Undergrad: 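One structure coming up, written as structure tokens, with questions to follow.
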Amino acid sequence: MNADANGGPVDQRSVRRHNLALVMRQVAELGPRSRATIAAETGLNKTTVSSLVGELIERRLFQETTIENPGAVGRPGRKVQLSGDGVAGVGLEVDEGQLAALATDLTGRTRFSESVSLDTWASGPEDVIQQLAALARKALSALSAQMLIPAGVTVALPGRVDITRGTLVNPNLGWEGVPVADLLRRHLDHPPFPLRIDNDANLGALGELWHGHGRAGLRDFVYLHGKGTMGIGAGIIVDSRIFRGTQGFSGEIGHVVVSRRGPLCTCGNRGCLAAVAGALALLRTAKIPVAKVELSGIDSPLELLKERARTGNLDATRALTETARVLSLALISAVNLLNPEAIVLGGWLAGLSEWLVPVVQRELNARAFAARWWECPVVTSGLQGSAPLFGATALSLHEALTDPGSIELSQAVTVG
Ligand SMILES: [Zn+2]
């Protein structure tokens, strides 16, 4: 412990930092409110609250607002709310066919958004990380031009990610044991803010929690993320938190075996959900040419599939129905095990929801154990495939929201 000789000042500082967090959380979670309301809600005295609010305004995390209480008599109450002009979170995403970046401020406003086409399978980790760093630098300089302090950078990666060591463990991109976070940190000259990596389905679930259906009150759900040619992952949200499991292997629904003699999966097993109902399998069943899909990404062949399904092409509609049935096999188990409030389809699965949702819903209603008493609704992510990026930016803002004292004032002064 780094307490000084008499112990006092360090304790006072940590108490103040704790109280700053308390005041921050009150406004972030419950919306604009007056100093008096914050004092009443937190049990802190009014002078302390005024001083803490003053510091949060100085750090540009809060700003004054004047919202009159409806029906109130006299002067409008001076309230404080989150400020969009202080910090921003950066999210980066590595996909099979592209790299993407998004930065949002504390109010959720987009401050930077860009994507770059790149064959990440063929490029290899060094090239991909170098280009990812270039995109990150572009995002950071855009924030600097807007006088915003970066609160953090979070990278969404396909596959199994060791979040404690910042390493991509699972070879979903043909990479294995690549220390993505360290390499990126080095490329960015060891930035002062946190730099994290995480699994894209987990970040998609967090994106859905903070920017999607979670805003309407969903707190326990399974987010199913369709990504790339073979990727199907799940992020499990329990009581508004991501459930990772002991070693971070939770949510690997793509490797649930749905057919013992099915096709070989990238993991080495046979008949995994991702191999039977992934985008590649779906397109093959629909008789859509997939020769170049692995190099060019799946967006355009999936668009062709939609077009054909809309015109009633039997190969297309049968393939979609069969895929939905196979997805249901895995989802019935998830629903039986977790009893979630809802299943959310995201990534490319969301784009096919008009065909997938009715079949999956029917299968769940017919076969999930609890279905005769309660229907688990299947809904579509409204984040248009960007749920992982939204989750990544939100996670990057995590420190600013939970420990605002960690945002260095010196950064605030020197930016720009
Ligand atoms: Zn597998």
Side-chain angles (χ1 to χ4, degrees), residues 93-97 120-122 125 156-163 167-178 180 197-205 222-236 242-286 290 293-295 297-298 301-302 319-320 322-338 343-350 352 356 360 363 387-388:
E93 188 177 17
V94 178
D95 204 344
E96 280 179 21
T120 44
W121 272 97
L157 292 162
R160 153 85 169 108
V161 173
D162 182 336
I163 60 163
T167 306
L168 182 62
V169 178
N170 195 45
N172 261 39
L173 287 167
W175 305 2
E176 185 138 16
V178 177
V180 179
I197 66 171
D198 207 334
N199 167 267
D200 51 12
N202 282 346
L203 288 172
V222 175
Y223 169 81
L224 195 67
H225 188 60
K227 183 167 176 177
T229 48
M230 292 279 277
I232 297 181
I236 301 165
I242 190 88
F243 175 78
R244 294 182 185 279
T246 310
Q247 302 291 325
F249 282 104
S250 75
E252 290 293 350
I253 200 166
H255 301 285
V256 167
V257 176
V258 289
S259 162
R260 276 176 65 81
R261 296 200 170 87
L264 210 58
C265 178
T266 50
C267 73
N269 280 340
R270 278 197 175 276
C272 293
L273 180 70
V276 181
L280 208 55
L282 168 63
L283 292 167
R284 280 187 180 135
T285 312
V290 291
V293 163
E294 286 174 42
L295 296 179
I298 54 159
L302 284 177
L320 284 161
E322 186 49 29
T323 295
R325 284 191 182 135
V326 178
L327 286 171
S328 305
L329 287 178
L331 286 173
I332 288 163
S333 300
V335 167
N336 285 347
L337 285 171
L338 299 166
I343 300 289
V344 182
L345 300 187
W348 61 256
L349 293 166
L352 300 174
L356 301 179
V360 175
E363 291 285 311

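Side-chain atoms are counted along with the backbone in the values below, which use heavy atoms only and exclude waters and symmetry mates. Note that the coordinates shown come from a computational prediction; the quantities given were computed from them, not determined experimentally. Remember, it's 1-based here, ligands and their atoms both numbered in the order they're listed.
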Undergrad: Under the rule for side-chain contact (heavy atoms from CB on, under 4.5 Å), what residues qualify as partners of Ala201, not counting sequence neighbours?
TA: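 Ala201 satisfies side-chain contact (heavy atoms from CB on, under 4.5 Å) with Asn199, His225 only.
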Undergrad: Only counting residues at least two apart or in another chain, list the ones meeting salt bridge (Lys or Arg N to Asp or Glu O under 4.0 Å) with Arg244.
TA: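 Once residues adjacent in sequence are excluded, the partners of Arg244 under the salt bridge (Lys or Arg N to Asp or Glu O under 4.0 Å) criterion are Asp198.
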Undergrad: Test of understanding: with side-chain contact (heavy atoms from CB on, under 4.5 Å), list the residues that count as partners of Leu329, not counting sequence neighbours.
TA: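 Leu329 satisfies side-chain contact (heavy atoms from CB on, under 4.5 Å) with Val258, Arg367 once adjacent residues are dropped.
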Undergrad: Testing the 3.5 Å rule here: is there a donor-acceptor pair between the side chains of Glu96 and Thr229?
TA: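 Short answer, yes.
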Undergrad: Between Lys227 and Glu93, is there a side-chain heavy-atom distance shorter than 4.5 Å?
TA: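 Touching, per the 4.5 Å side-chain cut-off.
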Undergrad: Protein N/O/S atoms under 2.8 Å of the Zn ion (ligand 1)?
TA: His255 ND1, Cys265 SG, Cys267 SG, Cys272 SG
Undergrad: Do Ile232 and Leu327 have side chains that get closer than 4.5 Å, going by heavy atoms?
TA: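 Counting from C-beta outward, Ile232 and Leu327 do come under 4.5 Å.
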